[in-house]
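Note that these values count all heavy atoms, side chains included, but never hydrogens, waters or copies made by symmetry. Whatever order the structure lists ligands and atoms in, that order sets their numbers, starting from 1. In this chain, numbering begins with 1 at the start of the sequence shown.
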Amino acid sequence: MEKFSQIEQLFHVLDDTAKALQEELDCSYLEALAETGENLFHGRIIQEELSEITKKRLNKEYQNIVLSKYSREELRKAFQLAILKGMKENIQPNHQMTPDTIGMFVSYLVEKFMEGKQSFSLLDPAVGTGNLLFTILNQLKGKKIQAYGVDIDDILIKLAYVGANLQEHSVELFNQDSLQPLFVDPVDMVISDIPVGYYPNDARAADYEMKADSGHTYAHHLFIEQSLRHLSPGGYGFFLVPNNLFESEQSQILHKFIKKHCIIQGVIQLPISIFKNEKAAKSIFIIQKKGTETTPPKNVLLVQLPKFSDQAGMSNILQKIDQWFVDEKSK
Ligand code: SAM
């Protein structure tokens with residue numbers, strides 16, 4: 001169990017030192033947070049241009065922190081609190097960090113789907129700060145997971161890099177547009193809180209089966225197709241998608257693509273209360289890439305989650321999901 005006082009103490013050091021670095025380096029809070037995270041990881045101040053007085057101030061703060069005394073979850077949570085603070089400054093809705101509640105629930109699903117497997121590979125093509133990926137890696141600590149993350153935003157991926165170092169996760173990270181060719185071998189699983197909206201690069205979209213007949217194609221469709229390209233046959237994809245995924249003007253193209261290449265395993269609607277409004281609400285869309293040995297489930301796992309705070313409702317739903325796995329395994 002993580003200790004709140006530990007998390008709070010680390011958060012305050014991250015926050016104070018990030019503010020000092022932000023001021024002196026004249027950068028954003030998130031950039032400064034990545035810098036202070038690097039200092040903590042290396043055990044020394046790496047920004048040579050700082051004044052002696054700031055260096056002294058930082059060193060005084062860093063003295064209070066012994067990283068080895070923190071669990072991975074304590075490190076993730078303290079870093080997450082600081083990222084959240086930085087994101088309040090200015091961040092596009094599409095670049096928001098994936099909240100813990102969703103990460104925890106996805107981890108539970110991954111554990112269920114991967115029961116019996118001791119090792120597997122995992123790709124997040126919209127890894128952002130890595131919060132979703134690290135939540136999963138921390139929850140599945142008994143498994144050996146080869147992880148890859150890609151993101152177009154250089155600041156967010158730097159935060160992912162620092163987070164991976166602090167939590168001692170070996171993750172291969174790539175800073176690029178995920179819809180361009182990726183240099184990642186086929187993986188057993190893709191998990192991603194994918195960006196929603198139009199992809200502006202029509203020339204690149206033309207390389208995809210799901211390209212729109214006219215105008216821009218939906219980036220979230222292309223992310224699903226790109227993920228499929230990087231999944232091994234029989235591999236699973238877990239995507240956070242808008243609830244209206246199958247109701248847009250491009251949904252016919254998506255239907256056709258999914259039918260041809262995938263088996264739908266489940267659609268889990270997340271509680272609307274965790275989103276700003278009904279329009280922003282999302283579901284977890286679970287697919288399996290077709291392979292010679294794959295068969296569709298007897299029943300697709302269709303679930304609408306109650307509020308996470310509704311303990312009785314949640315326990316009821318979890319029982320239903322557990323039963324689904326028992327039924328599907330025994331078929
Ligand atoms: N799971 C992430 C986390 O916990 O921080 C948050 C993912 S956020 C909802 C979506 C991410 O997609 C953002 O980090 C954004 O930078 C990234 N993104 C948007 N377009 C992209 C593209 N074409 N290629 C790669 N990443 C992209």
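- For the residue pair Y199 and D177, a side-chain donor N or O sits within less than 3.5 Å of a side-chain acceptor on the partner.
- Ranking the protein heavy atoms by distance from atom 27 (C) of ligand 1 puts I152 CG2, 3.5 Å first.
- The residue among L179, V127, I157 with a heavy atom at the shortest distance from atom 2 (C) of ligand 1 is V127.
- For atom 10 (C) of ligand 1, the closest non-hydrogen atom of the protein is N94 O, 3.1 Å.
- Protein heavy atom closest to atom 16 (O) of ligand 1, with residue, atom name and distance, is D151 OD1, 2.6 Å.
- Between E209 and K260 there is a salt bridge, with a side-chain nitrogen of the basic residue lying less than 4.0 Å from a carboxylate oxygen of the acidic one.
- When the heavy atoms of L182, I83, L222, T98 are ranked by distance to atom 4 (O) of ligand 1, first place goes to T98.
- Contacts of T129 with ligand 1, taken as heavy-atom pairs under 4.0 Å, involve both backbone and side chain.
- Ranking the protein heavy atoms by distance from atom 12 (O) of ligand 1 puts A126 CB, 3.4 Å first.
- Of the listed options G149, S178, P195, G103, P195 places a heavy atom closest to atom 20 (N) of ligand 1.
- Ion pair K298/D327 not flagged as a salt bridge, since none of the NZ, NE, NH1 or NH2 atoms sits closer than 4.0 Å to an Asp/Glu carboxylate oxygen.
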Tabulate below the donor-acceptor pairs under 3.5 Å that side-chain atoms of residues 128-138 make, not counting sequence neighbours, or state none.
| unit_1 | atom_1 | unit_2 | atom_2 | d |
| --- | --- | --- | --- | --- |
| T129 | OG1 | N131 | N | 3.2 |
| N131 | OD1 | R76 | NH1 | 3.0 |
| N131 | ND2 | Q80 | OE1 | 2.8 |
| N131 | ND2 | T98 | O | 3.0 |
| T135 | OG1 | R76 | NH1 | 3.2 |
| T135 | OG1 | N131 | O | 2.6 |
| N138 | OD1 | H169 | NE2 | 2.6 |
| N138 | ND2 | E73 | OE1 | 2.7 |
| N138 | ND2 | F134 | O | 3.4 |
| N138 | ND2 | Q167 | OE1 | 3.1 |

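- Of the polar atoms of I194, none of the N or O atoms is found under 3.5 Å from an N or O of ligand 1, judged by distance alone.
- Distances between N or O atoms of D193 and those of ligand 1 include no value under 3.5 Å.
- A salt bridge links K282 with D193: at least one charged nitrogen is closer than 4.0 Å to a carboxylate oxygen.
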